[in-house]
Amino acid sequence: MCGQNTGAPYTAMQHHRGVIVNWLQEPSQELQVTRMSLNQDAKNYHAWQHRQWVLRKFNLFDNELAYVDTLLEEDIRNNSAWNHRYFCSTPVSPRLLIHHEKGLSRNERVIEFCEELYTSGIRSPYLLGFLVDIYGSMEKGGGDKPHTFQKALEICDALAKEHDTIRREYWNFIACNIAQQMNTSNGEEFLGASRPSEL
């Protein structure tokens, strides 16, 4: 890759992008170039940034989720790959997904994928936190409130006690907020919810 052994990969990548790719309008080798770079360092920010630019500019999303799945199988904790998966998860601009008219919590494709990961035993703090966000926003939009309330509290408890203990206080705080939102929206105490023990 252009600039691999120099101290300024960002500058080299910008030059490569501006002069070679953009000017020639020829992206055929770019995904392979970034793949080679990511094979050396799967968390290379500049390689991910360039890859996303190429995908968006030339609409090359077709096999990208399969590629990201391969990286996640190698390292389930690769946050860069998770972020890229989110980037590729919809044909429209991924950054607009959260502003979708139905909202993130009602995007069935996203919910189904995340719940499949959870059911298969994956307990990445990123996945669990995302599920808490989904279930928390479901609370605001209706749906099966007691069920989603219960799931959000259970996941917060698991994060605080086992999967993200360094941020235990944060997850306890989020659980308290979810419980308060539920109590406020119902106008009464929700009975039967298992609240995290260290609130």
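Positions are given from 1, in the same order as the sequence printed here.
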For Ser80 and Trp48 the tightest heavy-atom approach is CB-NE1, 3.2 Å

Leu55 vs Cys88, side-chain contact (heavy atoms from CB on, under 4.5 Å): CA-CA, chis, key distance, verdict = CA-CA 9 Å; Leu55 291 169; Cys88 297; 4.1 Å; yes

Nearest heavy-atom contact between Ile178 and Cys156 is CD1-SG, 4.2 Å

- Residues Arg123 and Asp164 bridged, charged N to O under 4.0 Å: no

Subject >> Evaluation steps, salt bridge (Lys or Arg N to Asp or Glu O under 4.0 Å), between Arg168 and Asp157 >> reply: CA-CA 9 Å; Arg168 186 187 79 199; Asp157 193 42; over 6 Å; no

Note to self: A side-chain contact here means heavy atoms from C-beta on lying under 4.5 Å apart; do Asp75 and Lys43 qualify?
What the structure shows: yes

Here the gap from Ile155 atom CD1 to Ile174 atom CD1, rounded to the nearest 0.5 Å, amounts to 13.0 Å

Just by distance, do the side chain of Trp171 and the backbone of Gly129 share a donor-acceptor pair under 3.5 Å?
no

Worksheet item: Among the clusters formed by ILVMFWY side chains lying less than 4.5 Å apart, do Ile122 and Leu65 turn up in the same one?
Response: no

*asked:* Counting only heavy atoms from other residues, nucleotides and ligands, does the tally under 6.0 Å from OH of Tyr126 exceed 12?
replied: no

Would you check, one step at a time, whether the test salt bridge (Lys or Arg N to Asp or Glu O under 4.0 Å) holds for Glu30 with Arg35? CA-CA 8 Å; Glu30 294 308 303; Arg35 184 180 298 230; over 6 Å; no

- Item | Whether Ser37 side chain and Val33 backbone form a donor-acceptor pair below 3.5 Å | no

message = Quick one: does any side-chain atom of Thr119 pair with a main-chain N or O of Glu115 as donor and acceptor, under 3.5 Å?
response = yes

Phe149 and Ala179 have their tightest heavy-atom pair at CE1-CA, 3.4 Å

Is there a side-chain contact (heavy atoms from CB on, under 4.5 Å) between Val54 and Gln52 once you walk through the steps? CA-CA 5 Å; Val54 170; Gln52 289 180 356; over 6 Å; no

For Trp82 and Leu117 the tightest heavy-atom approach is CH2-CD1, 3.3 Å

(message) Pair Phe61, Phe87 - check side-chain contact (heavy atoms from CB on, under 4.5 Å), show working.
(response) CA-CA 10 Å; Phe61 289 93; Phe87 174 84; 3.6 Å; yes

inquiry  = Is there a side-chain contact between Ile111 and Leu131 in this structure, where contact means two heavy atoms from C-beta onward sitting under 4.5 Å apart?
reply    = no

Practice prompt. Test Cys114 against Phe130 for side-chain contact (heavy atoms from CB on, under 4.5 Å), laying out the working first.
Written response: CA-CA 8 Å; Cys114 290; Phe130 189 66; 3.3 Å; yes

Kindly confirm or rule out a cation-pi arrangement of Arg51 over Tyr67, judged by NZ or CZ under 6.0 Å from the six-membered ring centre and within 45° of its axis?
-> yes

d(Asn39 CG, Thr34 OG1) to nearest 0.5 Å is 9.5 Å

NZ (Lys161) and CG (Asn172) are apart, to the nearest 0.5 Å, by 9.0 Å

Distance col, row Tyr118:OH vs Lys151:NZ, nearest 0.5 angstrom, shows 9.0 Å

- When the ring planes of Phe58 and Trp53 are compared, do they come out parallel, tilted or perpendicular, using 30° and 60° as the limits? perpendicular

Taken to the nearest 0.5 Å, the spacing of Ile76 CD1 from Leu71 CG works out to 11.0 Å

* **Side chain to side chain, Phe113 and Arg85, heavy atoms closer than 4.5 Å** => yes

Here the gap from Asp69 atom CG to Glu74 atom CD, rounded to the nearest 0.5 Å, amounts to 11.5 Å

